[in-house]
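FYI, the numbering just counts along the sequence from 1. What you are looking at is a predicted structure, and each value in this text was computed from that prediction instead of being measured.
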Amino acid sequence: MKTSSLKHPSTYNFKASIVNEIINKFGIFIEKSPENFEKAIEKDLEKNKIKTDLENLKNIAKTYKQNFPLLPNFTSTQIKDGFGNLCVMYDGNPAITLKLLISSLRTHNNIVFFTKNYIEINTLLIEVFNMISNDCKYVAKFASLQDKFSNNEIIKKQNLFDLVIYVGDKRAYQSVQNKLRIPSIFNGYKVVDVYIEDKSFKEVLLNLDKHAYANDIKVNYFDKTDLDDTINYINKYNLNDCFVVFTKNSKIAYKFINSLKCKNVFINKNPFVDYEFDINENQLVYTKHIKMKI
């Protein structure tokens, strides 16, 4: 694994107006030069077998431009700033790459992506953002990608980073978390746990399976396990952020609702309607409360 050559964010000042300009210029670039992204997507398709949705990438840029104000970074009594250098461990989903690139800029962080998937499109996304940032005289390079690494190498060199963002299966995350000396954030995107008490929801289950297969989403089925055993197992290992229950028994439904420690619980519904990766940008900044008398 090569170490990153990123400048630490403390060496350059956060400028909200320039950050917004960089994001806006990226949106213009991807609209006016789609052929560059299409070529990268086709190259990745040969290896990853799943085609990146270019329109989705365009919409992500538009959404941040229109709907998300920047976090306040300074007041007379409170300072919010980025952690510094972020390490991202994930499956390479380009939508995640784009959202975290934008969030890294917006929270005054540098970011290093560790993945072996979707290398062409992820490299292009990162290069374009670095290019625009440099053209805007903000910072020459705030993001990079590493595709030759092992988890053990990341753990050995964790002193290079200030925060780890892990996206995926929580059991895999826990094996990494136990060896970390720095803060970490887990996001269970693309891993879903499903408990089936009633198999009559065939159409919803079929759609769930189709979407999961088409989008490389891992589904853990609990269809032959005891109700209490399932709840205890999920709560003990706190597996993922998304749990789906298929039942017509209201007592079973409310048992899960009241007992399960999970961020998102769906009852007899396909979880993949509007299913997208999201990150709370407040988790990417620290706050100093200033009390001073001179």
Side-chain angles (χ1 to χ4, degrees), residues 49-50 87-93 95-96 114-117 150-152 154-155 163-280 282-283:
K49 309 302 180 186
I50 296 176
C87 163
V88 182
M89 302 173 70
Y90 70 135
D91 71 346
N93 185 314
I96 296 177
F114 289 89
T115 185
K116 298 176 182 180
N117 301 317
S150 69
N151 286 355
N152 285 335
I154 297 173
I155 290 165
L163 179 72
V164 172
I165 302 172
Y166 192 103
V167 184
D169 189 285
K170 194 147 196 176
R171 281 161 288 196
Y173 163 67
Q174 287 169 336
S175 68
V176 171
Q177 184 191 32
N178 292 335
K179 300 171 186 176
L180 292 176
R181 301 182 302 275
I182 60 175
S184 62
I185 296 170
F186 169 76
N187 188 299
Y189 183 68
K190 294 195 81 172
V191 183
V192 176
D193 297 316
V194 179
Y195 179 86
I196 305 172
E197 186 271 334
D198 189 321
K199 295 184 179 180
S200 67
F201 297 89
K202 292 181 180 179
E203 186 175 348
V204 182
L205 283 164
L206 184 61
N207 289 335
L208 187 155
D209 276 338
K210 284 181 178 178
H211 186 95
Y213 178 78
N215 293 277
D216 196 26
I217 295 172
K218 181 179 179 182
V219 181
N220 301 315
Y221 284 104
F222 295 82
D223 56 350
K224 297 178 181 178
T225 56
D226 176 77
L227 174 65
D228 290 326
D229 288 346
T230 301
I231 291 172
N232 292 335
Y233 184 82
I234 295 294
N235 287 345
K236 180 179 179 180
Y237 296 104
N238 195 17
L239 296 185
N240 300 301
D241 288 340
C242 185
F243 195 88
V244 188
V245 181
F246 288 99
T247 181
K248 291 178 182 177
N249 187 322
S250 59
K251 289 184 179 179
I252 290 177
Y254 282 107
K255 175 95 172 179
F256 275 107
I257 291 170
N258 294 327
S259 305
L260 208 59
K261 297 176 182 177
C262 189
K263 183 179 177 182
N264 302 293
V265 179
F266 296 83
I267 308 295
N268 303 332
K269 293 194 70 174
N270 187 336
F272 302 136
V273 177
D274 300 323
Y275 180 68
E276 293 183 2
F277 172 81
D278 65 272
I279 187 77
N280 182 351
N282 282 295
Q283 293 181 287

Would Asn220 and Val191 satisfy side chain to side chain contact (heavy atoms under 4.5 Å, CB included), going step by step from the backbone distance to the final call? CA-CA 8 Å; Asn220 301 315; Val191 183; 3.8 Å; yes

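- For Asp278, the salt bridge (Lys or Arg N to Asp or Glu O under 4.0 Å) partners two or more places apart in sequence, or in a different chain, are Lys263.
- For the atom pair CG of Asn249 and CD of Glu197, the computed distance is 6.0 Å after rounding to the nearest 0.5 Å.
- The ring-ring contact (aromatic ring centres under 6.0 Å, His included) test applied to Phe266 returns no partner, not counting sequence neighbours.
- In terms of the side chain to side chain donor-acceptor pair (under 3.5 Å) criterion, residue partners of Asn240 (sequence neighbours excluded) are, by chain and number, Asp193.
- Nearest approach of Asp169 to Phe186, heavy atoms of both residues: C-CE1, 3.9 Å.
- Tyr166 and Ala172 get closest at one heavy-atom pair: OH-CB, 3.2 Å.
- Taking Ser259 as the reference, nothing meets the side chain to side chain donor-acceptor pair (under 3.5 Å) condition, with sequence neighbours excluded.
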For residues 176-185, dump all side-chain donor-acceptor pairs below 3.5 Å to protein atoms at least two apart in sequence or in another chain.
from, atom 1, to, atom 2, distance (Å)
Gln177, NE2, Tyr173, OH, 3.1
Asn178, ND2, Gln174, O, 3.1
Ser184, OG, Tyr173, OH, 2.7

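- Partners of Phe222 according to the ring-ring contact (aromatic ring centres under 6.0 Å, His included) rule, which considers only residues two or more places apart in sequence or in another chain, do not exist here.
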Apply the test side chain to side chain contact (heavy atoms under 4.5 Å, CB included) to residues Asn187 and Phe277: give CA-CA distance (whole Å), side-chain angles for both, the deciding distance (0.1 Å), then the verdict. CA-CA 8 Å; Asn187 188 299; Phe277 172 81; 3.6 Å; yes

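- Within the 4.5 Å cutoff, side-chain heavy atoms of Val167 are placed close to those of Ile96.
- Residues Pro271 and Leu208 meet the side-chain proximity criterion, which asks for heavy atoms closer than 4.5 Å.
- Residue Tyr233 places its OH atom among more than 12 non-hydrogen atoms of other residues, nucleotides or ligands, all under 6.0 Å distant.
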Evaluate side chain to side chain contact (heavy atoms under 4.5 Å, CB included) for Val204 paired with Phe246, printing each intermediate quantity in order. CA-CA 9 Å; Val204 182; Phe246 288 99; 3.6 Å; yes

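- Pairing each heavy atom of Asp226 with each of Tyr195, the nearest pair is C-OH, 4.3 Å.
- The side chain to side chain donor-acceptor pair (under 3.5 Å) test applied to Asp91 returns Lys190, not counting sequence neighbours.
- Applying the side chain to side chain contact (heavy atoms under 4.5 Å, CB included) rule to Asn207 yields the partners Glu203, Asn270; only residues at least two apart in sequence or on another chain are considered.
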Would Tyr189 and Tyr90 count as a ring pair (Phe, Tyr, Trp, His ring centres under 6.0 Å) here? Give the steps. CA-CA 10 Å; Tyr189 183 68; Tyr90 70 135; over 10 Å; no

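- Taking Asn258 as the reference, Tyr254 meet the side chain to side chain contact (heavy atoms under 4.5 Å, CB included) condition, with sequence neighbours excluded.
- Listed by first and then second residue, the salt bridge (Lys or Arg N to Asp or Glu O under 4.0 Å) pairs involving residues 227-255 are Asp228-Lys255 (not counting sequence neighbours).
- Side-chain contact between Lys261 and Ile234: absent, with no pair of heavy atoms (C-beta onward) separated by less than 4.5 Å.
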Checking Ile252 against Leu227 for the side chain to side chain contact (heavy atoms under 4.5 Å, CB included) test, could you report, in this order, the C-alpha distance in whole Å, the side-chain angles of both residues, the deciding distance, and whether it holds? CA-CA 8 Å; Ile252 290 177; Leu227 174 65; 4.1 Å; yes

Verdict with reasoning, Asp198 to Ser200, per side-chain hydrogen bond (donor to acceptor under 3.5 Å, both in side chains): CA-CA 6 Å; Asp198 189 321; Ser200 67; 2.6 Å; yes

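- For the pairing with Val244, the side-chain contact (heavy atoms from CB on, under 4.5 Å) check across Val265, Ile196, Val192 returns one residue only, Val192.
- In terms of heavy atoms, Gln283 sits closest to Leu163 at O-CD2, 3.9 Å.
- Legend: residues meeting side chain to side chain contact (heavy atoms under 4.5 Å, CB included) with Leu206, ordered by chain and number and at least two apart, are Lys210.
- A distance of 9.0 Å separates CG of Asn235 from SG of Cys262, quoted to the nearest 0.5 Å.
- Distance alone, capped at 3.5 Å, is enough to place a donor-acceptor pair between the Asn268 side chain and the Thr247 backbone.
- A search for side chain to side chain contact (heavy atoms under 4.5 Å, CB included) contacts involving Lys116 returns Phe149, not counting sequence neighbours.
- Note: Asn264 CG to Phe243 CZ = 12.5 Å, rounded to the nearest 0.5 Å.
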